[in-house]
Amino acid sequence: MLGDPRDDATTVSPLIHRDHLARVEGFVERARANGDEIVRGGRRSERGGLWYEPTLVLPLSNDSEIVQHEVFGPVLTLQTFSSEDEAIDLANSTAYGLSAILYTGSSERADRVGSALRAGTVWVNTFLVRDLTAPFGGIGISGIGREGGEYALNFYSDLKTLQILEGSTDAGP
């Protein structure tokens, strides 16, 4: 349900700025122009403001811009696969790697595929559940560094090692 993000009933809130709305809209319009099928949504909400309808796109290929770049809006692509290896290849085919979601009833598959996915966080059978002491951040060109726990401290620190050969300096102050 589109609505106020402070309302628990809201599942899709408005975008943050009109430039962001235009960016999301641009991705969908270019997908449409390139022949990708817009199955659902694909336009600004009738509510006006900064709302964009939840959108589902069937891309013509894995090379479609909407597949290969981060949209950061209520837009999903749907791609099918015939094997586990093909699914992993599709998921790992972009330069981005912030997060991935894997649904499976097999703990072995969760471990195997989850480890093979190139993403900073892989959620298995859930989404957006975080342990704030665990590191969070992307792989590839998604984000910079890690947030969460001591990893965040390391990111904001400049570590330095000073190696001096014993006896190579004078004994004075």
Side-chain angles (χ1 to χ4, degrees), residues 1-81 86-103 113-114 116-132 134-149 151-156:
M1 176 175 122
L2 297 175
D4 187 324
R6 296 167 294 188
D7 183 347
D8 288 340
T10 296
T11 56
V12 178
S13 56
L15 298 175
I16 193 76
H17 190 272
R18 66 181 177 275
D19 291 345
H20 185 199
L21 176 62
R23 181 178 186 278
V24 171
E25 187 174 45
F27 268 105
V28 176
E29 290 308 312
R30 288 188 301 277
R32 182 179 281 122
N34 289 325
D36 295 338
E37 181 183 350
I38 310 303
V39 176
R40 180 176 180 92
R43 61 185 174 268
R44 292 179 186 217
S45 169
E46 293 175 0
R47 292 180 71 128
L50 297 175
W51 277 275
Y52 196 82
E53 291 183 349
T55 301
L56 180 63
V57 179
L58 289 175
L60 285 175
S61 81
N62 192 53
D63 295 327
S64 293
E65 177 196 34
I66 203 154
V67 173
Q68 290 299 317
H69 294 277
E70 295 176 323
V71 177
F72 284 112
V75 178
L76 292 176
T77 59
L78 176 64
Q79 297 165 268
T80 60
F81 51 89
E86 185 183 1
I88 293 167
D89 287 345
L90 286 170
N92 290 343
S93 71
T94 76
Y96 300 89
L98 183 58
S99 62
I101 305 168
L102 167 64
Y103 283 93
V113 175
L117 293 175
R118 196 179 62 81
T121 298
V122 177
W123 284 288
V124 178
N125 299 334
T126 190
F127 176 64
L128 219 49
V129 174
R130 281 200 55 210
D131 173 351
L132 296 178
F136 178 81
I139 290 176
I141 60 175
S142 287
I144 53 170
R146 292 289 182 266
E147 300 172 11
Y151 295 94
L153 296 175
N154 291 337
F155 179 71
Y156 291 105

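Starting from 1, each residue takes its place in the sequence as its number. Computed over heavy atoms, backbone and side chain alike; hydrogens, waters and symmetry mates excluded. Keep in mind the model is a prediction, meaning the values are calculated, not measured.
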### Task
Please name all residues satisfying salt bridge (charged side-chain N to carboxylate O under 4.0 Å, His left out) with E37, sequence neighbours left out, ordered by chain then number.
none

### Query
Hey, does the side chain of Y52 reach the backbone of R43 with a donor-acceptor pair shorter than 3.5 angstrom?
yes

### Query
Does a sphere of radius 6.0 Å around CD1 in I16 hold more than 12 heavy atoms from other residues, nucleotides or ligands, not counting ones at 6.0 Å or beyond?
no

### Any residue meeting side-chain hydrogen bond (donor to acceptor under 3.5 Å, both in side chains) with Q68, in chain and number order, not counting sequence neighbours
S93

#### Entry: Atom pair CG (L60) and CD1 (I66), whose distance is rounded to the nearest 0.5 Å
11.5 Å

## Note on the structure
Hits for side chain to side chain contact (heavy atoms under 4.5 Å, CB included) against S61, two or more places apart or cross-chain, chain-then-number order -> D63, S64

### Message
Once side chain to side chain contact (heavy atoms under 4.5 Å, CB included) is applied, do any residues pair with A33, and if so which ones, sequence neighbours excluded?
### Response
none

### Euclidean distance, N125 CG relative to L102 CG, rounded to 0.5 Å
7.0 Å

### Query
If you take all heavy atoms of L2 and W51, which pair is closest and at what distance?
CD2-CD1, 3.6 Å

### Task
Determine yes or no for a side-chain-to-main-chain donor-acceptor pair under 3.5 angstrom, with S142 supplying the side chain and G140 the backbone.
no

### Smallest separation among heavy atoms of E86 and T80, with atom names
OE2-O, 4.2 Å

### Message
With salt bridge (Lys or Arg N to Asp or Glu O under 4.0 Å) as the rule and sequence neighbours excluded, what pairs involving residues 64-76 come up?
### Response
R30-E65

### Query
Has F81 got more than 12 heavy atoms of other residues, nucleotides or ligands less than 6.0 Å from its CZ?
no

### Task
Would you please name every residue forming a salt bridge (charged side-chain N to carboxylate O under 4.0 Å, His left out) with R47, sequence neighbours left out?
none

### Task
Enumerate the residue pairs fulfilling ring-ring contact (aromatic ring centres under 6.0 Å, His included) with a member in residues 17-44, sequence neighbours excluded, ordered by first and then second residue.
none

## Note on the structure
When rounded to the nearest 0.5 Å, the distance separating CG of L50 from CG of D19 is 10.0 Å

Tell me which donor-acceptor pairs under 3.5 Å the side chains of residues 117-124 have, and how far apart each pair is, sequence neighbours excluded?
{"unit_1": "R118", "atom_1": "NH2", "unit_2": "T94", "atom_2": "O", "d": "2.2"}
{"unit_1": "R118", "atom_1": "NH2", "unit_2": "Y96", "atom_2": "O", "d": "3.2"}
{"unit_1": "W123", "atom_1": "NE1", "unit_2": "V129", "atom_2": "O", "d": "2.8"}

### Message
Nearest 0.5 Å, please: how far is CD in E46 from CD in E53?
### Response
6.5 Å

### Message
Suppose the criterion is salt bridge (Lys or Arg N to Asp or Glu O under 4.0 Å): which pairs have a residue in residues 91-103, not counting sequence neighbours?
### Response
none

### Query
Quick check: does any side chain N or O of T77 sit under 3.5 Å from a backbone N or O of V57, one acting as donor and the other as acceptor?
no

### Task
State, with a plain yes or no, whether a side-chain heavy atom of L78 is found less than 4.5 Å away from one of V39.
no

### Contact check, side chains of P54 and R40, non-hydrogen atoms, under 4.5 Å
no

### Task
Using salt bridge (charged side-chain N to carboxylate O under 4.0 Å, His left out) as the criterion, list what pairs up with D4, not counting sequence neighbours.
R6

#### Entry: Residues which pass side-chain hydrogen bond (donor to acceptor under 3.5 Å, both in side chains) with R32, listed by chain and number, not counting sequence neighbours
E29

#### Entry: Where V12 and P74 come nearest, the two heavy atoms and their spacing
CG1-CB, 4.3 Å

## Note on the structure
In terms of heavy-atom contacts, L15 and F72 come closest through CD2-O, 4.4 Å

### Summary
Residue set satisfying side-chain hydrogen bond (donor to acceptor under 3.5 Å, both in side chains) with R23, at least two apart, ordered chain then number -> none

